[in-house]
Amino acid sequence: MWIADNWKDYEVIDTSCGEKLERWGKYVLLRPDPQVIWNTPKRAKEWNQLNGHYHRSAKGGGEWEFFHLPDEWSIKYRDLSFHLKPFSFKHTGLFPEQAVNWDWFSKIIKEAAHPGKTLKVLNLFAYTGGATLAAAKAGASVTHVDASKGMVTWAKENAASSGLSDAPIRWLVDDCVKFVEREIRRGNTYDGIIMDPPSYGRGPKGEIWKIEDSIYPFIEQTCRLLTKDSLFFLINSYTTGLQPAVLTYMLNTAIVQKLGGQVTSSEIGLPVSSNGLILPCGASGRWTR
């Protein structure tokens, strides 16, 4: 398992009874987590020091209960800064487990950098920009694509607070599938591609995305945008059916047979500070040259 264990401003304090107890900066949140199917003693003092608790409804969805929590606050990861605010559907605007992937591709970008060439990275389903900022900080020119105007605006705010307002980032509100199709027709290519597709979603014009039906043909299409000397391809999955072995098979079939290289896939996770265990948080597949 790849573990995001370099955080200072974030931690999973404990997990029990379908929920995870987290520290985001100086604030403590309690949120549902479908992986937490165990009921263990709640010994951490923070169980009784909550700033926010998301209550899951039996009918689906849920709502927040707040205790002295600001509307918005920030945390840092290395040199990056992220604005946080609770969504109506339990999220905060950041997936901390992805930091293990940020570190991975940032190292690749830095090691490949040389005078006279700027590496180009494409970030699809780019959300609030965690991967975009990490790639830009490492020295890449990034194209950031997300169907939500609000998410792109939020990502720009994160870039500004991270000192990356003037970084070579192209911000696009677009349907990722249609954008890739246009990029292929335009003949554009990238040295690295990142995608974090949702399990289900809709594009700006109501286009339906269902990951089990759409992901493999989309990977096949997207890998056509890799340069002949491309560096990496990263795909993340939070969908139960897309386990590491499935990600490996898809990347091997779509990329390795055409460009060579190698694929590794694994679960990703976050350390739980109260007991030393690891909370699983989905899976990632990585292709490298």
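The model shown is predicted, which means the values in this text are computed figures rather than measured ones. We use all heavy atoms of the structure for the numbers below, so side chains are in, but hydrogens, waters and symmetry mates are not.
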Asks: Of the non-hydrogen atoms in Ser266 and Pro244, which two are nearest, and what is the gap between them?
Replies: C-CG, 3.6 Å
Asks: Closest approach of Lys120 and Thr189, non-hydrogen atoms and distance?
Replies: NZ-O, 3.0 Å
Asks: With heavy-atom distances below 4.5 Å as the criterion, would you say the side chains of Leu50 and His53 are in contact?
Replies: yes
Asks: Heavy-atom distance under 4.5 Å between the side chains of Ile75 and Leu94, does that happen here?
Replies: yes
Asks: How long is the gap from CD on Glu157 to CZ on Phe82, to the nearest 0.5 Å?
Replies: 13.5 Å
Asks: Which heavy-atom pair separates Tyr127 from Gly93 by the least distance, and what is that distance?
Replies: OH-CA, 3.5 Å
Asks: Membership question, hydrophobic clusters at under 4.5 Å side-chain separation (ILVMFWY): are Ile268 and Ile235 in the same one?
Replies: no
Asks: For a quick check under 3.5 Å, do Asp9 and Trp24 share a side-chain donor-acceptor pair by atom type?
Replies: no
Asks: Using the salt bridge (Lys or Arg N to Asp or Glu O under 4.0 Å) rule, take Lys90 and Glu22 through it: C-alpha gap first, then chi angles, then the decisive distance, then the call.
Replies: CA-CA 13 Å; Lys90 90 171 182 176; Glu22 307 163 288; over 6 Å; no
Asks: Can a salt bridge be assigned to the pair Glu181 and Lys178 using a cut-off of 4.0 Å between side-chain N and carboxylate O?
Replies: no
Asks: Between OG of Ser162 and NZ of Lys76, what distance do you get to the nearest 0.5 Å?
Replies: 6.5 Å
Asks: Side chain to side chain donor-acceptor pair (under 3.5 Å) between Trp38 and Thr15: does it pass, once the steps are laid out?
Replies: CA-CA 8 Å; Trp38 47 87; Thr15 58; 3.0 Å; yes
Asks: With a sphere of 6.0 Å drawn around NE2 of His114, does it hold more than 12 non-hydrogen atoms of other residues, nucleotides or ligands?
Replies: yes
Asks: For the residue pair Leu259 and Leu226, establish whether any side-chain heavy-atom pair is separated by less than 4.5 Å.
Replies: yes
Asks: Between Trp154 and Lys85, is there a cation-pi geometry (under 6.0 Å to ring centre, at most 45° from the normal)?
Replies: yes
Asks: Check whether the ring centres of Phe95 and Tyr238 lie less than 6.0 Å apart, and answer yes or no.
Replies: yes
Asks: Would you sort out whether Phe87 and Trp64 count as a ring pair (Phe, Tyr, Trp, His ring centres under 6.0 Å), showing the intermediate values?
Replies: CA-CA 9 Å; Phe87 282 41; Trp64 282 98; 9.7 Å; no
Asks: Between Leu164 and Ile194, is there shared hydrophobic-cluster membership here, with clusters defined by ILVMFWY side-chain heavy atoms closer than 4.5 Å?
Replies: yes
Asks: Which heavy atom of Val142 sits nearest to which heavy atom of Ala136, and what is that distance?
Replies: CG2-N, 3.8 Å
Asks: Can you tell me if Arg43 has over 12 outside heavy atoms packed within less than 6.0 Å of its CZ?
Replies: no
Asks: Are any non-hydrogen side-chain atoms of Ile193 and Leu225 less than 4.5 angstrom apart?
Replies: yes
Asks: Determine, stepwise, if the pair Leu21 / Val28 fulfils side-chain contact (heavy atoms from CB on, under 4.5 Å).
Replies: CA-CA 7 Å; Leu21 183 68; Val28 176; 3.6 Å; yes
Asks: According to a 4.5 Å side-chain heavy-atom criterion applied to Ile, Leu, Val, Met, Phe, Trp and Tyr, with indirect links allowed, do Ile108 and Leu133 form part of one hydrophobic cluster?
Replies: yes
Asks: Hydrophobic clustering (ILVMFWY, side-chain heavy atoms < 4.5 Å, transitive) - are Ile215 and Val256 grouped together?
Replies: yes
Asks: With the side chain counted from C-beta on, respond yes when Pro197 and Phe218 share a heavy-atom pair under 4.5 Å apart, and no when they do not.
Replies: no
Asks: Pick from Trp104, Tyr190, Trp287: which one makes a ring-ring contact (aromatic ring centres under 6.0 Å, His included) with Phe232?
Replies: Trp104
Asks: Within the structure provided, determine whether Leu234 and Ser284 are in side-chain contact (heavy-atom separation under 4.5 Å).
Replies: yes
Asks: Could you walk me through whether Ser16 and Asn39 satisfy the side chain to side chain donor-acceptor pair (under 3.5 Å) test, starting with their C-alpha distance in whole Å, then the side-chain angles of each, then the deciding distance to 0.1 Å, before giving a yes or no?
Replies: CA-CA 5 Å; Ser16 184; Asn39 298 336; 5.0 Å; no
Asks: What distance do Glu46 atom CD and Ser273 atom OG have between them, rounded to the nearest 0.5 Å?
Replies: 7.5 Å
Asks: Take Lys137 and Leu80 through the side-chain contact (heavy atoms from CB on, under 4.5 Å) test and state the conclusion after the steps.
Replies: CA-CA 8 Å; Lys137 182 67 78 171; Leu80 305 176; 4.0 Å; yes
Asks: Taking the side chain as C-beta and beyond, is there a heavy-atom pair between Tyr10 and Leu84 under 4.5 Å?
Replies: no
Asks: How long is the gap from CG on Leu122 to OG1 on Thr143, to the nearest 0.5 Å?
Replies: 6.0 Å
Asks: Would the His91 and Phe89 ring centres measure less than 6.0 Å apart?
Replies: yes
Asks: Can Arg78 be said to sit on top of Trp102's aromatic six-ring, NZ or CZ under 6.0 Å from centre and within 45° of the ring axis?
Replies: no
Asks: Let me see the working for Leu30 and Trp47 under side-chain contact (heavy atoms from CB on, under 4.5 Å), right down to the final yes or no.
Replies: CA-CA 8 Å; Leu30 183 60; Trp47 286 101; 3.4 Å; yes
Asks: Yes or no on side chain to side chain donor-acceptor pair (under 3.5 Å) for Gln98 and Asn236, after CA distance, side-chain angles and deciding distance?
Replies: CA-CA 9 Å; Gln98 285 300 323; Asn236 297 306; 3.1 Å; yes
Asks: How far apart are the C-alpha atoms of Lys117 and Asp191, what are their side-chain angles, what is the distance that settles it, and do they pass the salt bridge (Lys or Arg N to Asp or Glu O under 4.0 Å) test?
Replies: CA-CA 11 Å; Lys117 177 175 173 58; Asp191 300 294; 3.8 Å; yes
Asks: Pick out which of Glu65, Arg31, Glu19, Glu63 makes a side-chain hydrogen bond (donor to acceptor under 3.5 Å, both in side chains) with His55.
Replies: Glu65
Asks: Given the rule that I, L, V, M, F, W and Y join up when any side-chain heavy atoms are under 4.5 Å apart, are Val36 and Leu29 in one cluster?
Replies: yes
Asks: Say you draw a straight line from CG of Leu119 to CG of Asp229; how long is it, rounded to the nearest 0.5 Å?
Replies: 10.5 Å
Asks: Give a yes or no on whether Tyr216 atom OH has more than 12 heavy-atom contacts from other residues, nucleotides or ligands under 6.0 Å away.
Replies: yes
Asks: Could you state the interatomic distance from OG (Ser274) to NZ (Lys42), rounded to the nearest 0.5 Å?
Replies: 12.5 Å
Asks: Start with the C-alpha gap between Ile3 and Leu270, add the side-chain angles, then the distance that decides, and say whether side-chain contact (heavy atoms from CB on, under 4.5 Å) holds.
Replies: CA-CA 6 Å; Ile3 303 168; Leu270 289 162; over 6 Å; no
Asks: Is any side-chain heavy atom of Asn275 less than 4.5 Å from a side-chain heavy atom of Asp14?
Replies: yes
Asks: Provide the closest heavy-atom pair for Phe233 versus Met195 in the form atom of the first, atom of the second, distance.
Replies: CZ-CE, 3.6 Å
Asks: Any idea which heavy atoms bring Leu251 and Arg286 closest together, and the distance?
Replies: CD1-N, 3.9 Å
